Structure formats: C-alpha cells, structure tokens
Amino acid sequence: LLESRKESLLFHFNSINEDVKFHSQTPLMKKAIQSLSASWHALPDPKQGTIQDLYIFNNPFVQGQRESLLYAKDGSSYSEVHKQYHHYFRNLAATRGYYDILLVDPQGNIIYTVKKDNDFGLNLLTGTLKTSNLAEAFTLVNRNPALGISFVTDYRRQPTSNNKPASFISSPIHTDTGQYIGVLIFQMPIDVLNSVMHVTAGMGLTGETFLVGQDKLMRSDSRFYGESSILSTTVDTQSVDFALKGMSGIFVENDYRGIPVFTAFT
C-alpha cells in the first residue's frame, strides 16, 4: 500500500511538472503574456492600485468567485486583453484542478491571475509577498530562466488567500527566438493530492496514508479530521524521524492521535 501511494504521488507531481512546462511554451501562452504585459504597462500609475480597484475592490463578485468577472468595463487595453484570454485560463484551471494560474513579468509584477485574490497586481520582489513561497516560485525561475526548467515550492500559508495552505510550481516563458518574457505559475491542487492519499482500498475502517513535511506538519489532510490538517497537525513520531532521514521501514508505535498503529514509512 505504501509503495502504491508513493508511485501515485510521483505520477501526480510529474504530471503537474510536465503540465506547467508544456503550457509555458504554447503559442497561446506566449501571445497571452506579451499582450497582457504590454497592456499592463499602459495602465495609469500606480498600476497595482488601478488593477486592484478594477478587479478586486470594484469586482461585483465576492472573493472566491471573482474569476466570474470576464473583464472590467473601463475601456482599457488591459481589460480588452483580459476579456480575450480569461476564458482560456479559467477553463484550464478548472479542468486541471489548479486553485489558481498566475502570470508574472520579469520585473516581478503579477500581471494576471484567474482567482483575483489579493495577490493580483502585487510585486513579488518588493511587495508584501516578497518572502512568500509564491515569491520563491518566481525568483527560482527568474534568477536563471533556462528553457524547460520548473520549480516546486513547499506548502505555506498564503496571506492573500485567506491564509490557506498553498504550494506553487513555476516555469519560464520564452518567445520563439528564446527571449525570456515572464513566468507561468500554477497554485497546486490540494483536492487532487488528498484524493491520492485518501484511497482506502485495503486499509479497512482505520487505516490511512498521509504526507509530512520537514517541520513535521502534515502536507495532506487526515481522513479522520473534519477540517484541514495541512500545516496544522503535527506528526512527531519515530517513523517520521526515520523517514525524514531518508529511511524506510515498518514500526508499531502511537500515531499523531496517540493511537497504537502499524506504520509503514518512506
């Protein structure tokens, strides 16, 4: 069962990795970020305030539903470009199960997002998110935007998304001539990760599998908790200690709930 979950997880992460690298180099993606970037820089200063007024503060839809706004009717070239591409990005996020899709220019400006959370319009090099894992996903690419690379960041709480746990995967976008023009970022789907970990075939009523990070906090939700346990439930057990040192094995021990269990770890 442990090996089955491990292989399923590797397949899951490899699929997302290939997805972000593929979409970062499609002709549509290249054209989209070029058009959005040009129209972004044509917005009146301060651009962050302008874009947030249009798509966040004056958005007729509440947070969590702001992506329902196809475009702001302000007559700007940005909104015309947004109208042209928003359907595509929104459908891509929904089809692939991503929480959000973001485009960032080489200067660190978040020039487009599907969800229109409060990170939209911020600068990842100088703004309030400069120490976030979203900024990390950008800067890892931006420092050396080689063709075909991608980076994944660990889960951290995202202050601009109601403090929910978020992980990101990023890849550079280049023109056909090889010029670096920005970064494509996917906010990783928690639901898909949980669906992999919550397969209960062969585990009876009391068995489960879960992920634990270097800080010994869960990276997937427990099947036994009614609320999210990602980044909130500590698993400080011998099996976790051994697994974080690169070992695999089977123990009998008390789990994170204080219940005696057979535990297999890798």
Side-chain angles (χ1 to χ4, degrees), residues 1-17 19 63-64 96-100 115 117 119 129 131-137 140 150-170 185-266:
L1 286 169
L2 182 73
E3 287 303 314
S4 171
R5 296 301 181 278
K6 179 179 177 178
E7 291 305 313
S8 294
L9 279 172
L10 289 173
F11 179 80
H12 166 67
F13 284 115
N14 285 337
S15 295
I16 295 175
N17 186 48
D19 207 29
Q63 186 173 10
R96 302 296 291 170
Y98 300 124
Y99 174 81
D100 203 359
K115 292 294 288 184
D117 280 343
D119 50 13
L129 292 178
T131 59
S132 68
N133 59 340
L134 174 55
E136 180 186 0
L140 284 169
S150 62
F151 292 98
V152 179
T153 67
D154 194 2
Y155 281 98
R156 283 191 232 159
R157 295 199 178 275
Q158 190 69 0
T160 53
S161 297
N162 291 326
N163 219 32
K164 292 179 180 178
S167 173
F168 300 92
I169 184 167
S170 55
I185 301 177
F186 292 159
Q187 187 165 336
M188 304 273 269
I190 292 176
D191 291 344
V192 177
L193 191 67
N194 279 333
S195 69
V196 173
M197 302 308 292
H198 287 180
V199 173
T200 57
M203 305 201 76
L205 297 175
T206 58
E208 68 169 340
T209 53
F210 51 86
L211 296 172
V212 183
Q214 290 284 344
D215 53 8
K216 297 188 177 181
L217 293 174
M218 279 194 178
R219 294 298 193 273
S220 62
D221 287 328
S222 167
R223 71 178 280 207
F224 300 115
Y225 285 0
E227 55 190 36
S228 177
S229 46
I230 298 176
L231 298 183
S232 61
T233 299
T234 300
V235 189
D236 190 4
T237 61
Q238 188 177 13
S239 58
V240 167
D241 285 336
F242 275 58
L244 290 176
K245 293 174 182 174
M247 297 181 240
S248 299
I250 299 174
F251 284 156
V252 175
E253 64 179 358
N254 289 342
D255 71 0
Y256 61 95
R257 299 170 296 163
I259 297 173
V261 294
F262 285 106
T263 176
F265 56 91
T266 190

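Keep in mind it's a predicted model, so treat the numbers as computed, not measured.
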Closest non-hydrogen atom pair, [X] against [Y]:
X      : Y      : result
Lys115 : Gly64  : NZ-O, 3.4 Å
Arg96  : Ser15  : NH2-O, 4.4 Å
Gln214 : Arg219 : N-NH2, 4.4 Å
Ala201 : Leu1   : O-CD2, 3.5 Å
Leu2   : Ala264 : CD1-O, 3.5 Å
Ser132 : Arg156 : C-NH1, 3.5 Å

Report yes or no: does [X] contribute a side-chain atom to a donor-acceptor pair with the main-chain N or O of [Y] at less than 3.5 Å?
X      : Y      : answer
Asp119 : Thr160 : no
Arg5   : Val199 : yes
Gln238 : Glu253 : no
Thr153 : Glu136 : no
Asn133 : Asp154 : yes
Gln158 : Ala166 : no
Thr266 : Ser248 : no

Look up atom [atom1] in [X] and atom [atom2] in [Y], then write down how far apart they are to the nearest 0.5 Å.
X      : Y      : atom1 : atom2 : value
Ser167 : Ile16  : OG    : CD1   : 8.0 Å
Asn17  : Ser150 : CG    : OG    : 3.5 Å
Met197 : Arg223 : CE    : CZ    : 12.5 Å
Met188 : Tyr99  : CE    : OH    : 15.5 Å
Lys6   : Thr209 : NZ    : OG1   : 14.0 Å
Leu193 : Ser8   : CG    : OG    : 11.0 Å

Run the side-chain contact (heavy atoms from CB on, under 4.5 Å) check on Ile230 and Phe210 step by step: do they pass? CA-CA 10 Å; Ile230 298 176; Phe210 51 86; over 6 Å; no
Could you tell me how the ring of Phe242 sits relative to the ring of Phe265: parallel (under 30°), tilted (30 to 60°) or perpendicular (over 60°)? perpendicular
Quick check: are there more than 12 heavy atoms from other residues, nucleotides or ligands sitting under 6.0 Å from [atom1] of [X]?
X      : atom1 : result
Lys164 : NZ    : no
Ile250 : CD1   : no
Phe11  : CZ    : no

Output every pair passing side chain to side chain donor-acceptor pair (under 3.5 Å) with a member in residues 194-205, not counting sequence neighbours, ordered by first then second residue. Asn194-Asp221
Quiz question: by atom type and distance under 3.5 Å, do the side chains of Tyr256 and Ser222 form a donor-acceptor pair? yes
Side chains of Asp117 and Ser161: donor-acceptor distance under 3.5 Å anywhere? yes
Cation-pi check for Phe224 against Arg257: NZ or CZ below 6.0 Å from the six-membered ring centre and within 45 degrees of the axis, yes or no? yes
Using side-chain heavy atoms (C-beta onward) and a distance below 4.5 Å, is [X] in contact with [Y]?
X      : Y      : result
Thr206 : Ile259 : no
Leu217 : Tyr155 : no
Ser239 : Asp255 : no

Trace of the side-chain contact (heavy atoms from CB on, under 4.5 Å) decision for Lys216 with Leu244: CA-CA 9 Å; Lys216 297 188 177 181; Leu244 290 176; 4.2 Å; yes
